[in-house]
Amino acid sequence: MQVYIKDDSLIKALLVDIEAGRELMIQVGLEEGFTSKNTIVISQFVDQLLNQLEETSMTD
């Protein structure tokens with residue numbers, strides 16, 4: 001994950017990371033099961049990115 005400067009590029013970068021994480025989560029879920037430890041860890045990471053996006057969007 002990158003270090004972001006708080007501006008429009010931060011939101012764009014978060015969206016890219018969220019989409020990549022979502023795709024990885026689906027891939028791992030299909031391979032290992034949607035309740036596997038790896039799928040859950042990726043899901044939690046995507047949740048953190050979504051929370052960061054929400055915080056950033058609220059302060060801009």
Side-chain angles (χ1 to χ4, degrees):
M1 181 184 216
Q2 307 141 9
V3 175
Y4 303 113
I5 298 172
K6 195 169 194 176
D7 63 346
D8 214 27
S9 63
L10 168 60
I11 292 172
K12 290 176 186 176
L14 282 168
L15 290 171
V16 168
D17 283 352
I18 289 166
E19 182 60 23
R22 187 186 70 81
E23 290 176 8
L24 178 61
M25 180 179 62
I26 292 169
Q27 178 184 353
V28 171
L30 290 170
E31 292 173 5
E32 298 182 12
F34 288 101
T35 58
S36 77
K37 183 171 178 89
N38 288 331
T39 304
I40 292 169
V41 167
I42 297 166
S43 174
Q44 291 170 338
F45 180 70
V46 172
D47 287 345
Q48 291 173 354
L49 292 173
L50 288 166
N51 290 338
Q52 188 176 356
L53 176 64
E54 183 177 2
E55 287 176 18
T56 301
S57 298
M58 290 174 55
T59 58
D60 281 351

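Residues take their numbers from the sequence shown, with the count starting at 1. These figures come from a predicted structure and were not determined experimentally.
- For the pair Thr35 and Thr39, the minimum side-chain heavy-atom distance is 4.5 Å or more.
- Separating the CG atom in Leu14 from the NZ atom in Lys12 is a distance of 12.5 Å, to the nearest 0.5 Å.
- Qualifying side-chain contact (heavy atoms from CB on, under 4.5 Å) partners for Ile40, counting only residues two or more places apart in sequence or in other chains: Gln44.
- Taking a 4.5 Å side-chain heavy-atom cut-off between Ile, Leu, Val, Met, Phe, Trp and Tyr, the cluster of Val16 contains only that residue.
- Ile42 and Gly21 make their closest contact through CG2-O, 3.6 Å (heavy atoms, listed as atom of the first residue, atom of the second, distance).
- Atoms CD1 and CD, on Ile18 and Gln48 in that order, are 11.5 Å from each other to the nearest 0.5 Å.
- Here Leu49 contributes atom CG and Asp17 contributes atom CG; the two are 6.0 Å apart, rounded to the nearest 0.5 Å.
- A pairwise comparison of heavy atoms in Ser36 and Val28 identifies OG-CG1, 4.4 Å as the closest pair.
- The line from CG of Leu53 to CG of Leu15 is 5.5 Å long, rounded to the nearest 0.5 Å.
- For residues 22-40, the pairs satisfying salt bridge (Lys or Arg N to Asp or Glu O under 4.0 Å) are Glu19-Arg22, with sequence neighbours left out.
- Side-chain heavy-atom separations under 4.5 angstrom define the hydrophobic clusters, and the remaining members of the one that includes Leu30 are Ile26, Phe34.
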